[in-house]
Amino acid sequence: MAVVAELSSSSYTKTTRLNSSQLSLSSNHLSYLRRRAFRPITRPRNATVSCSITPNQVQAPIAVPAEEPKRKNDCYGVFCQTYDLKAEEETKSWKKFINIAVSGAAGMISNHLLFKLASGEVFGPDQPIALKLLGSERSFQALEGVAMELEDSLYPLLREVSIGIDPYEVFQDAEWALLIGAKPRGPGMERAGLLDINGQIFAEQGKALNAVASQNVKVIVVGNPCNTNALICLKNAPNIPAKNFHALTRLDENRAKCQLALKAGVFYDKVSNMTIWGNHSITQVPDFLNARINGLPVKEVIKDHKWLEEDFTEIIQKRGGVLIQKWGRSSAASTAVSIADAIKSLVTPTPEGDWFSSGVSSCPLNVICYYSQVYTNGNPYGIAEDIVFSMPCRSKGDGDYELVKDVIFDNYLLKRITKTEAELLAEKRCVAHLIGEGVAFCDLPEDTMLPGEM
C-alpha cells in the first residue's frame with residue numbers, strides 16, 4: 001500500500017512519500033520533519049489532506065492506537081530519549097536543570113562555546129542543562145550538524161537539545177539567553193547601517209524574550225555593536241529587569257590583563273581589578289589607574305607611563321585585527337572563552353577586593369530596575385542615564401551584580417570616559433525608532449568599529 005502524506009503548517013510544508021513499513025513513524029519524528037520544512041506555499045481555502053489506496057488492495061481494519069507516552073516537545077535526536085529532570089525527583093548530587101538559549105548557534109563562536117557549556121565547565125559539574133539553539137533558514141542544516149556533534153559527545157550534564165528558527169519558540173522558559181547571532185559588517189557598510197540592521201534583529205529578540213522567557217532571564221549580548229544592541233533588546237523587553245542585560249566586554253578585559261602581565265613580566269593571574277569603561281569600540285577605556293598587579297597599583301609596577309597612556313589602549317583595540325592578519329580568522333575561540341568567563345563571574349562569588357567588567361544599564365545600586373519604573377535613576381559615576389555602558393561589577397554568585405563604588409578617577413581617565421559616553425549617546429539617537437523614542441537621527445562623529453569586526 002502506498003500513501004502520500006502532506007505535512008503542513010501555517011507557513012511551510014514538506015511532502016514525503018511513505019511506504020507501509022514507515023507508517024509507524026512517531027509523532028515526534030513527524031514534528032521533526034515539519035521543523036525541517038522551509039518551502040513557502042500558498043494553500044487554497046478549505047484545503048484538505050487526502051490519502052489514496054492502490055486498487056485491488058484490501059484495507060486492513062483500523063485499530064484504536066494506544067496512548068503514546070508523553071514526549072518532550074522540539075527535542076533533537078537522542079535527547080528525545082533522555083529522562084526529563086523536571087518530572088523526576090531531584091537527586092542529592094544534581095541540581096534542577098536550567099534552560100540556556102543561544103542565538104547564532106551554528107556560528108564559529110557558538111561552535112566553541114556550546115561544548116564548554118555542555119561539559120559543566122561554566123555552570124559547574126553538578127548542573128544539568130538544556131540547550132535551546134536558534135538559527136536561521138539558511139543555517140538550519142548546519143544547526144542540525146551542531147546538534148549531531150553534541151549527541152556524539154555524550155555529555156552527561158546535557159539533558160536536552162532543541163533547535164529552531166523562531167525565537168518565540170526557542171526562547172521559551174529560557175533562564176539564560178546568549179545572543180551571539182548578528183549580521184557582520186560588510187565592505188562599505190557604515191556603522192549607522194549596521195546599527196539599524198542588527199538593531200531590528202535585537203528588537204525582535206527582545207520582544208520574544210519578553211513574551212516567553214523566564215522573567216528573570218539573564219541576557220548577554222555578543223552581536224555587535226553589542227552595547228547599543230543590548231539597549232535595544234532591553235527596551236523591547238519591559239517585563240524583564242533592565243539590570244539583567246549585559247553587553248560583552250569581557251574579551252577586552254582579558255586582552256588588557258594579558259598586555260599588563262606581559263609588560264610587567266608576570267603571569268596574567270597576577271593582574272586584578274581590570275575595568276573596561278564604555279563602548280565595545282575603539283573609544284573603549286581600559287582602566288590602568290584602578291587595575292592592580294600583585295595587589296599593587298599598576299602605575300607603581302609599570303613605570304613606563306607613556307606606554308600605559310599611549311600604547312596600551314591601542315594594542316587592545318587592534319588585537320582582533322592583528323589576529324585576523326596572522327591566520328585569516330576572527331577571534332571566535334577567545335570570544336567564546338570570554339562569554340564563559342562572563343557567565344562564571346555572575347554565578348560564582350567575586351574574589352574579595354576584585355571586580356570584573358560588563359556592559360550594563362545605568363541602574364542605581366542594589367535596585368531591580370524596570371524600564372518603565374526606575375531604570376533611568378542614574379549610577380554612582382555620573383555616567384549619562386539610559387545607555388548600556390561597561391563598568392566595574394561584583395557578584396555574590398547568584399546571577400546578580402552590584403556596581404563597584406571604590407574606584408578613583410583622574411583627568412586622563414575622565415576625558416576618555418566622556419568620549420566613549422558621547423559615542424553611546426550618538427548611537428542611541430541612531431536607533432531611536434527601535435527603542436520607542438521617535439525618529440532616528442544619526443550624527444556619529446567617526447567610524448569606531450574595532451579592527452577585526454569589519
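Quick note: numbers below take in every heavy atom, side chains included, and nothing from hydrogens, waters or symmetry partners.
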- Between NE2 of His280 and CG of Asn227, what distance do you get to the nearest 0.5 Å? 8.0 Å
- Nearest 0.5 Å please: distance from the OG atom of Ser103 over to the CG atom of Leu179. 4.5 Å
- Message: Could you check whether any side-chain N or O of Thr348 sits under 3.5 Å from a backbone N or O of Lys344, counting only pairs where one atom can act as donor and the other as acceptor?
- Response: yes
- Message: Around atom OH of Tyr268, are there more than 12 heavy atoms from other residues, nucleotides or ligands closer than 6.0 Å?
- Response: no
- Indicate whether the side chain of Ser390 and that of Arg250 have a donor and an acceptor atom separated by less than 3.5 Å. no
- Message: If I compare all heavy atoms of Gly77 with all of Glu151, which pair ends up nearest, and what's the gap?
- Response: CA-OE2, 3.3 Å
- Message: Just so I know, are the side chains of His305 and Lys299 near enough to count as touching, which here means a heavy-atom distance under 4.5 Å?
- Response: yes
- Of all heavy-atom pairs linking Ser395 and Gly397, the shortest is OG-N, 2.9 Å
- Task: May I ask you to test the Asn111-Glu149 pair for a side-chain heavy-atom distance under 4.5 Å?
- Result: yes
- Item | Value rounded to 0.5 Å, distance of OG in Ser331 from CE in Met108 | 11.5 Å
- Query: Judged by atom type as modelled, is there a donor-acceptor pair below 3.5 Å linking the side chain of Ser358 to the main-chain atoms of Thr249?
  - Reply: no
- Kindly write out the residues that satisfy side chain to side chain contact (heavy atoms under 4.5 Å, CB included) with Ala333, not counting sequence neighbours, or none if the list is empty. His112
- Min side-chain heavy-atom separation Ile129-Arg159 under 4.5 Å: no
- Message: If the threshold is 4.0 Å, N to carboxylate O, is there a salt bridge linking Arg394 and Asp406?
- Response: yes
- Query: Do Leu117 and Leu178 have side-chain heavy atoms sitting under 4.5 Å apart?
  - Reply: yes
- Would Lys263 count as a cation-pi partner of Phe312, with NZ or CZ less than 6.0 Å from the six-membered ring centre and within 45° of the ring normal? no
- Quickly, which of Val146, Val170, Ile109, Leu133 forms a side-chain contact (heavy atoms from CB on, under 4.5 Å) with Val102? Name it, please. Leu133
- Item | Approximate separation, where rounding is to 0.5 Å, of Leu158 CG and Leu114 CG | 9.0 Å
- Message: Is there a side chain to side chain donor-acceptor pair (under 3.5 Å) between Asn254 and Asp341? Walk through the geometry before answering.
- Response: CA-CA 9 Å; Asn254 289 353; Asp341 288 343; 3.1 Å; yes
- Message: Test your reading of the model: is there a side-chain donor-acceptor pair from Asn229 to the backbone of Gly223, 3.5 Å cut-off?
- Response: yes
- Where do Ser361 and Ala242 come nearest, in terms of heavy atoms and distance? OG-O, 3.5 Å
- Message: Is it the case that the side chain of Thr420 and the backbone of Gly278 share a donor-acceptor pair, with hydrogens and angles ignored and the cut-off at 3.5 Å?
- Response: no
- Least distance between heavy atoms, Ala247 atom then Ala230 atom: CB-CB, 4.2 Å
- Message: Whether Asp386 and Lys235 form a salt bridge (side-chain N of Lys/Arg under 4.0 Å from carboxylate O of Asp/Glu) is what I want to check.
- Response: yes
- Mind checking what makes side chain to side chain donor-acceptor pair (under 3.5 Å) contact with Asn279, not counting sequence neighbours? Glu423, Glu427
- Flag, side chain of Ser153 to backbone of Tyr155, donor-acceptor distance under 3.5 Å: no
- Message: I'd like to know whether NZ of Lys270 has more than 12 heavy-atom contacts from other residues, nucleotides or ligands below 6.0 angstrom.
- Response: no
- Of the non-hydrogen atoms in Leu231 and Ile387, which two are nearest, and what is the gap between them? CD1-CA, 4.3 Å
- Query: For the side-chain contact (heavy atoms from CB on, under 4.5 Å) test, which of Val388, Leu234, Val360 pairs with Phe245?
  - Reply: Leu234
- Item | Residue among Asn273, Thr275, Asn290 satisfying side-chain hydrogen bond (donor to acceptor under 3.5 Å, both in side chains) with Trp355 | Thr275
- Note on the structure: Heavy-atom nearest pair, Thr350 first then Ser345, reads OG1-O, 4.3 Å
- Query: Can you check side chain to side chain contact (heavy atoms under 4.5 Å, CB included) on Glu421 and Ile383, steps first, answer last?
  - Reply: CA-CA 7 Å; Glu421 174 190 58; Ile383 304 298; 4.1 Å; yes
- Task: Apply side chain to side chain donor-acceptor pair (under 3.5 Å) to the pair Ser139 and Ser136, showing each step before the final yes or no.
- Result: CA-CA 5 Å; Ser139 70; Ser136 64; 3.1 Å; yes
- Task: With sequence neighbours excluded, give me every disulfide bond (SG atoms under 2.5 Å apart) pair touching residues 406-447.
- Result: Cys430-Cys442
- Message: Can you confirm whether Met274 sits close enough to Leu260 that some side-chain heavy atom of one is under 4.5 Å from a side-chain heavy atom of the other?
- Response: yes
- Please tell me if the side chains of Tyr401 and Lys243 come closer than 4.5 Å, counting only heavy atoms from C-beta onward. yes
- Look up atom CD1 in Ile282 and atom CD1 in Ile316, then write down how far apart they are to the nearest 0.5 Å. 13.5 Å
- Query: Any donor-acceptor pair under 3.5 Å linking the side chain of Asn236 with the backbone of Ile232?
  - Reply: yes
- Message: Walk me through whether Phe441 and Asp443 qualify under side chain to side chain contact (heavy atoms under 4.5 Å, CB included).
- Response: CA-CA 7 Å; Phe441 171 71; Asp443 58 344; 3.7 Å; yes
- Output every pair passing ring pair (Phe, Tyr, Trp, His ring centres under 6.0 Å) with a member in residues 404-440, not counting sequence neighbours, ordered by first then second residue. Trp277-Phe409, Phe288-Tyr412
- Item | Phe123: partners by ring-ring contact (aromatic ring centres under 6.0 Å, His included), with sequence neighbours left out | Trp176
- Message: Which residue is it: Asn216, Val219, Val217? I am looking for the one with a side-chain contact (heavy atoms from CB on, under 4.5 Å) to Asn244.
- Response: Asn216
- Message: Checking Tyr381 against Ile417 for the side chain to side chain contact (heavy atoms under 4.5 Å, CB included) test, could you report, in this order, the C-alpha distance in whole Å, the side-chain angles of both residues, the deciding distance, and whether it holds?
- Response: CA-CA 10 Å; Tyr381 317 116; Ile417 287 177; over 6 Å; no
- Contacts of type side chain to side chain donor-acceptor pair (under 3.5 Å), residue Lys132, not counting sequence neighbours: none
- Query: Does any non-hydrogen side-chain atom of Phe115 lie less than 4.5 Å from one of Leu150?
  - Reply: yes
- Going by heavy atoms in the side chains, are Gln259 and Leu262 under 4.5 Å from each other? yes
- Message: side chain to side chain contact (heavy atoms under 4.5 Å, CB included), that's the test. Do Tyr168 and Glu204 meet it? Break it down for me.
- Response: CA-CA 9 Å; Tyr168 286 86; Glu204 184 64 20; 3.1 Å; yes
